[in-house]
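Data first, discussion second: the structure below is written as structure tokens.
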Amino acid sequence: MLNARCAEPLNRRPARFRAGVTHHPDPHASLVAGRVWRETHWREPEEVGLAGRRLPRWSEFRPLLRPARVQLDPTERRLRRAYTIADLRTIAAHRVPRAVFDYTDGAAEQETSLRRARRSFARVEFHPQALRDVSTTDTGTTVLGRRWPVPFALAPTGFTRMMHHEGERAAVRAAQRAGVTFTLSTMGTTSIEQIAQEAPGADKWFQLYVWRDRAAGKDLVERARAAGYEALVLTVDTAVAGARMRDVRNGLTIPPALTPSTVLDAAIHPAWWVNLLTTEPLTFASLSEWPGTVAELVNAMFDPALTFADLDWLRGIWLGPLLVKGIHTVDDARAAVDHGADGVIVSTHGGRQLDRAVAPLEVLSPVVDAVGDRAEVLLDTGIMHGGDVVAALALGAKACLVGRAFLYGLMAGGERGVDRAIAILTREMTRTLQLLGARSIGELNRSHVSLRRAGS
Ligand SMILES: Cc1cc2nc3c(=O)[nH]c(=O)nc-3n(C[C@H](O)[C@H](O)[C@H](O)COP(=O)(O)O)c2cc1C
């Protein structure tokens with residue numbers, strides 16, 4: 001019979017139980033020593049609550065034995081251990097050199113904008129509706145006239161081949177497989193045409209930074225149109241480069257320079273270095289080679305004199321859907337739409353530009369109220385969970401963009417890592433919808449979500 005003492009966890013059982021029934025300290029000790037040990041330590045079964053027990057039968061034991069299937073592929077093995085985006089981030093941190101991880105993971109100055117954006121999702125309070133039939137859920141939505149199977153897209157990210165040698169190619173293939181829209185950055189490391197060839201069936205957007213040299217910008221727009229990109233995303237929060245202190249301290253250049261510390265790093269991350277040195281050189285696809293840091297490049301090429309008049313210029317040369325990314329205020333959202341934008345992306349650039357900026361989730365509803373009837377409102381920055389996407393949609397966003405979430409997957413396992421990130425977000429989103437009692441994205445509304453007061 002099981003007595004109360006035996007039911008206690010092992011580490012709380014009295015020492016004499018542990019000593020009495022485990023093992024003899026030295027089976028080859030002398031007989032005398034053995035007798036002394038027995039007299040000191042041995043306890044009768046009744047004393048330790050084992051009376052009435054029996055040995056298990058093999059037939060009972062066997063069904064409990066379920067040996068794990070051995071996974072020989074190391075990437076697959078790694079990715080199987082990732083159940084959340086945070087898990088992918090942990091794996092990523094071990095896969096790439098410190099400066100590369102920091103470039104991706106880091107944000108501007110004190111990184112307050114990024115922390116604030118992530119914390120705003122912790123302020124979300126869901127209000128589920130009970131007894132709805134959620135046996136089937138539809139995560140699909142329509143963005144700028146196109147049907148998306150999930151309400152998120154991959155955000156534009158520069159230097160993606162630094163995170164993994166297959167970079168944008170891996171990401172766009174994974175995006176195509178999942179039906180997710182992929183956005184190529186002006187600072188991409190794969191060209192507009194190569195991406196179009198790589199994944200002809202994927203929905204693709206092109207993100208534009210307006211150069212001081214307008215003719216070069218116009219050329220990119222024309223190439224994007226010719227290659228079949230569906231929408232143009234103009235990023236407007238980059239008048240000058242944000243101060244990304246991790247990059248400054250790491251002395252990051254693109255491509256990373258071979259210094260004593262990077263040579264040492266090569267010993268710890270040999271696969272990353274071998275891939276870097278044995279594949280196509282890591283350069284920007286849309287501009288000629290740049291010898292300096294990212295901040296120096298941004299400050300030399302980007303035009304800080306950009307105004308809404310340039311949006312009119314762009315509207316004149318791009319006839320397809322046009323989104324303005326990096327909107328922080330209601331007034332700017334209104335002005336962007338007045339100047340011809342079909343959509344605005346409420347975004348703080350992943351916290352990588354202005355530090356201490358407002359959290360996008362916290363200004364989303366006023367922006368939706370101001371322009372939602374004339375334009376589509378999207379949101380990014382800080383999304384680490386599918387439930388974050390659901391919260392943004394309930395507060396009025398049409399869809400979200402995810403940046404680091406897919407980059408962590410890319411660093412953790414290349415194309416399969418991006419697959420994993422998309423699958424994790426989709427699964428989390430579907431579960432959140434079902435637990436909220438919503439059968440589809442269209443059923444979400446503000447009654448499903450409120451934001452707790454900061455700090456409560
Ligand atoms: C490594 C990295 C590079 C980025 N490069 C660009 C870029 O070239 N153009 C751009 O508009 N946004 C860029 N962004 C910002 C993203 O498009 C997006 O706004 C941001 O990543 C969203 O925040 P999240 O990473 O928390 O999802 C970059 C973000 C990261 C993390």
Side-chain angles (χ1 to χ4, degrees), residues 85-86 88-89 92 96 99-108 111 113-121 152-164 167-168 171 181-190 205-211 220 231-239 241-242 244 246-247 252 254 284-287 290 294-295 297-298 301-302 306 323-328 344-354 357 359-361 378-386 388-389 392 397 399-411 418 421-422 424-425:
I85 299 296
L88 285 174
R89 176 180 180 274
V96 299
V100 173
F101 181 76
D102 277 349
Y103 171 71
T104 312
D105 191 59
E111 308 196 348
S113 291
L114 177 60
R115 265 197 309 280
R116 205 168 263 173
R118 286 192 177 153
R119 277 199 205 131
S120 69
F121 288 106
F152 62 86
L154 304 191
T157 59
F159 321 121
T160 314
R161 282 189 46 237
M162 186 169 71
M163 291 132 209
H164 185 275
E168 291 92 353
T181 293
F182 170 82
T183 316
L184 178 67
S185 162
T186 301
M187 308 292 270
T189 40
T190 310
W205 290 356
F206 182 69
Q207 177 266 322
L208 182 74
Y209 283 124
V210 176
W211 302 136
L220 291 177
L232 192 67
V233 178
L234 173 70
T235 298
V236 295
D237 54 13
T238 323
R244 309 198 186 135
R246 297 200 217 178
D247 297 350
L252 180 75
I254 312 280
F284 301 106
S286 298
L287 56 146
W290 180 261
V294 179
L297 169 73
V298 168
M301 305 291 289
F302 293 15
L306 209 65
L323 294 132
V324 176
K325 173 172 180 282
I327 292 295
H328 295 62
V344 293
I345 305 175
V346 183
S347 159
T348 54
H349 208 114
R352 299 162 73 82
Q353 285 298 109
L354 176 68
L361 192 70
L378 283 77
L379 172 140
D380 78 23
T381 303
I383 291 172
M384 290 285 283
H385 190 280
D388 299 344
V389 177
C400 294
L401 306 189
V402 295
R404 294 181 185 83
F406 92 83
L407 293 176
Y408 293 140
L410 184 68
M411 291 188 284
V418 182
I422 293 173
I424 288 172
L425 290 172

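One-based numbering, in listed order, for ligands and for the atoms of each. The figures here come from the full heavy-atom set of this structure, side chains too, leaving out hydrogens, waters and symmetry mates.
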| field | Close aromatic pair by centroid cut-off 6.0 Å: Phe182 and Trp205 | value | no
| Cation over ring face, Arg89 and Phe101, 6.0 Å, 45° | no
| said: Can you tell me how the ring of Phe302 sits relative to the ring of Trp211, calling it parallel under 30°, perpendicular over 60° and tilted otherwise? | reply: tilted
| At a 4.0 angstrom heavy-atom cut-off, what protein residues surround ligand 1? | Tyr103, Thr104, Ala155, Pro156, Thr157, Gly158, Met163, Ser185, Met187, Gln207, Tyr209, Thr235, Lys325, Ser347, His349, Gly350, Arg352, Asp380, Thr381, Gly382, Val402, Gly403, Arg404, Leu407
| query | Could you give the distance from CZ (Phe406) to CG (Leu88), rounded to the nearest 0.5 Å? | reply | 12.5 Å
| message | I'd like to check the salt bridge (Lys or Arg N to Asp or Glu O under 4.0 Å) partners of Arg116; sequence neighbours left out, ordered by chain and number. | response | none
| said: Between Thr183 and Gln207, is there a side-chain donor-acceptor contact under 3.5 Å, judged purely by atom types and distance? | reply: no
